[in-house]
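One structure is given here, and the rest of the page talks about it.
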Amino acid sequence: MKPNIKELSSQELDDWLARRKEPSYRAGQIRQWLFQKGAASFSEMTNLSAALRNALEEEFSIHRLTPARKSRSRDGTEKFLFDLGDGATIETVLIPESKRVTLCLSTQAGCAFGCAFCATARMGLKRNLKASEILDQILEVRGLCHEERPVTNLVLMGMGEPLANYEQTRKALDVMTDAKRGMGFSPRRITLSTVGLIPQMQRLMEETRVNLAVSLHAARNDLRGQLMPVNRKYPLN
């Protein structure tokens with residue numbers, strides 16, 4: 001299969017264009033089509049030359065998630081099930097409120113941390129998501145909801161532990177917060193929730209400006225240890 005162009009970093013796309021002697025601003029145009037306009041094909045990128053569109057078509061694909069099911073609750077919350085194409089599925093949840101619309105994103109298919117209260121934990125970990133699969137949840141929900149009310153906030157609190165898939169999660173966050181070449185979300189409107197992986201928490205705070213939420217679930221260390229196995233390695237104190 002041809003590589004998914006959404007997996008290229010901004011620098012990797014710059015380098016590919018430079019090898020073709022294309023002007024550097026083309027990278028911004030391509031990434032705007034992918035992450036702002038949600039283009040599903042290179043033929044939609046009408047401000048690119050035909051030769052460049054053909055070259056992109058020859059070397060890359062634009063992969064998309066496959067919607068498998070959608071349900072809606074009485075309060076307007078919508079749950080989306082996406083097929084990843086390899087037998088794994090993930091859930092994404094849209095939560096409308098009076099002043100904001102929050103999208104809850106998955107970062108893994110399943111989870112390995114075994115928290116006693118979590119349904120995803122019973123699945124075990126199937127695999128980490130690629131950065132493009134994290135980002136595609138935003139793009140697909142935007143398309144399915146036709147931007148009736150645009151998504152204003154993002155929370156990485158869906159299936160999986162974001163900090164156990166650090167590199168791909170960080171790569172996705174870079175695109176989410178890139179105002180020129182990405183999705184343009186303010187870091188203040190993005191919250192990442194973790195069971196408490198201390199080294200990755202420290203790294204995230206050094207490398208990003210997104211909000212960090214820690215799932216405690218108990219104020220006593222002994223009870224938290226019963227509920228969350230990770231507490232044995234990173235206890236409450």
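As the structure is a prediction and not an experimental result, all values here were calculated from the model.
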Side chains of Glu140 and Phe80: does their closest heavy-atom pair fall under 4.5 Å? no
Do any N or O atoms from the side chain of Arg53 and from the backbone of Leu48 form a donor-acceptor pair under 3.5 angstrom? yes
Taking side chain as C-beta onward, heavy atoms only, is Phe35 less than 4.5 Å from Asp178? no
Any donor-acceptor N/O pair, Asn221 side chain to Leu236 backbone, under 3.5 Å: yes
Are side-chain heavy atoms of Leu84 and Leu129 found at a separation under 4.5 Å? yes
For the pair Trp16 and Phe60, name the ring-plane relationship: parallel under 30°, tilted 30 to 60°, perpendicular over 60°. perpendicular
Chi angles and distances behind the side-chain contact (heavy atoms from CB on, under 4.5 Å) call for Thr177, Arg209: CA-CA 9 Å; Thr177 56; Arg209 294 183 295 117; over 6 Å; no
For Ala131, does its backbone N or O pair with a side-chain atom of Lys6 as donor and acceptor, under 3.5 Å? no
Check this for me: does any side-chain nitrogen of one of Arg100 and Glu97 sit under 4.0 Å from a carboxylate oxygen of the other? yes
Establish whether Ile95 and Val141 are linked, either directly or via other cluster members, by ILVMFWY side-chain heavy-atom contacts under 4.5 Å. no
Test side-chain contact (heavy atoms from CB on, under 4.5 Å) on Thr107 and Leu192; report intermediate values, then the result. CA-CA 10 Å; Thr107 53; Leu192 183 148; over 6 Å; no
Does Ser193 reach the main-chain N or O of Met157 with its side chain, forming a donor-acceptor pair under 3.5 Å? no
Rounded to the nearest 0.5 Å, what separation is found between the NZ atom of Lys2 and the NE2 atom of His63? 14.0 Å
Would Arg26 and Gln29 count as a side-chain hydrogen bond (donor to acceptor under 3.5 Å, both in side chains) here? Give the steps. CA-CA 5 Å; Arg26 292 296 190 200; Gln29 291 176 320; 2.8 Å; yes
In terms of heavy-atom contacts, Ala121 and Gly114 come closest through CB-CA, 3.7 Å
Under a 4.5 Å cut-off applied to non-hydrogen side-chain atoms, are His217 and Val195 in contact? no
I need the Ile5 CD1 to Glu57 CD distance, nearest 0.5 Å. 10.0 Å
Hey, does the side chain of Asn231 reach the backbone of Gln226 with a donor-acceptor pair shorter than 3.5 angstrom? no
Any Val210 side-chain heavy atom under 4.5 Å of Phe185 side chain: no
For atom NZ of Lys171, decide whether the heavy atoms of other residues, nucleotides or ligands shown that lie under 6.0 angstrom number more than 12. yes
In the structure I gave you, are the side-chain heavy atoms of Asp15 and Arg19 within less than 4.5 Å of one another anywhere? yes
Before giving the answer on salt bridge (Lys or Arg N to Asp or Glu O under 4.0 Å), spell out for Lys130 and Glu7 the whole-Å C-alpha distance, their side-chain angles and the decisive distance to 0.1 Å. CA-CA 8 Å; Lys130 300 174 184 175; Glu7 283 299 317; 5.9 Å; no
Can you tell which of Lys70, Gln137, Glu78, Lys79 makes a side chain to side chain donor-acceptor pair (under 3.5 Å) with Thr92? Gln137
Output, in order, the C-alpha distance, side-chain angles, deciding distance and verdict of side-chain hydrogen bond (donor to acceptor under 3.5 Å, both in side chains) for Asn165 and Glu161. CA-CA 7 Å; Asn165 184 18; Glu161 164 55 53; over 6 Å; no
Leu227 and Val230: same hydrophobic cluster, using ILVMFWY side-chain contacts below 4.5 Å? yes
CZ of Arg203: more than 12 outside heavy atoms within 6.0 angstrom? yes
Taking all non-hydrogen atoms of both residues, which atom of Arg149 and which atom of Ser98 are closest, and how far apart? NH2-O, 3.7 Å
Would a single hydrophobic cluster contain both Val155 and Leu139, if residues Ile, Leu, Val, Met, Phe, Trp and Tyr are joined by side-chain heavy-atom contacts under 4.5 Å? no
State plainly whether one hydrophobic cluster holds both Val93 and Ile134, where clusters connect Ile, Leu, Val, Met, Phe, Trp and Tyr through side-chain heavy atoms under 4.5 angstrom apart. no
How close do Cys111 and Gly160 get, heavy atom to heavy atom, and via which atoms? CB-CA, 4.0 Å
Please check: side-chain N/O of Thr169 versus main-chain N/O of Pro162, any donor-acceptor pairing under 3.5 Å? yes
Could you report the tightest heavy-atom contact between Leu81 and Glu91, atom names first, then the distance? CD1-CG, 3.9 Å
Say you draw a straight line from CG of Leu65 to CD1 of Ile90; how long is it, rounded to the nearest 0.5 Å? 5.5 Å
Determine the minimum heavy-atom distance between Met159 and Ser106, stating which atoms define it. N-OG, 2.9 Å
Separation of Arg142 CZ from Leu94 CG (nearest 0.5 Å): 11.5 Å
Single-linkage hydrophobic cluster, 4.5 Å side-chain cutoff, Met123 and Phe117 together: yes
Return the minimal non-hydrogen interatomic distance between Tyr234 and Pro199, and the atom names on each side. OH-CD, 3.3 Å
Would you check if Met176 and Leu105 make a side-chain contact, meaning some heavy-atom pair closer than 4.5 Å? yes
Can you confirm whether Arg20 is buried at CZ, in the sense that more than 12 heavy atoms of other residues, nucleotides or ligands lie under 6.0 Å from that atom? yes
First locate atom CG of Leu34, then atom CG of Asp136, and finally report the distance between them rounded to the nearest 0.5 Å. 9.5 Å
What I'd like to find out is whether the side chain of Leu204 reaches to under 4.5 Å of the side chain of Leu173, using heavy atoms alone. yes
Under a 3.5 Å distance rule, please check whether Asp83 uses its side chain to pair with a backbone N or O of Thr89 as donor and acceptor. no
Look only at the side chain of Thr191 and the backbone of Asn211, and say whether a donor-acceptor pair between them is shorter than 3.5 Å. no
Say you draw a straight line from OG1 of Thr194 to CG of Leu163; how long is it, rounded to the nearest 0.5 Å? 4.0 Å
Without swapping roles, check the side chain of Thr152 against the backbone of Val101 for a donor-acceptor pair under 3.5 Å. yes
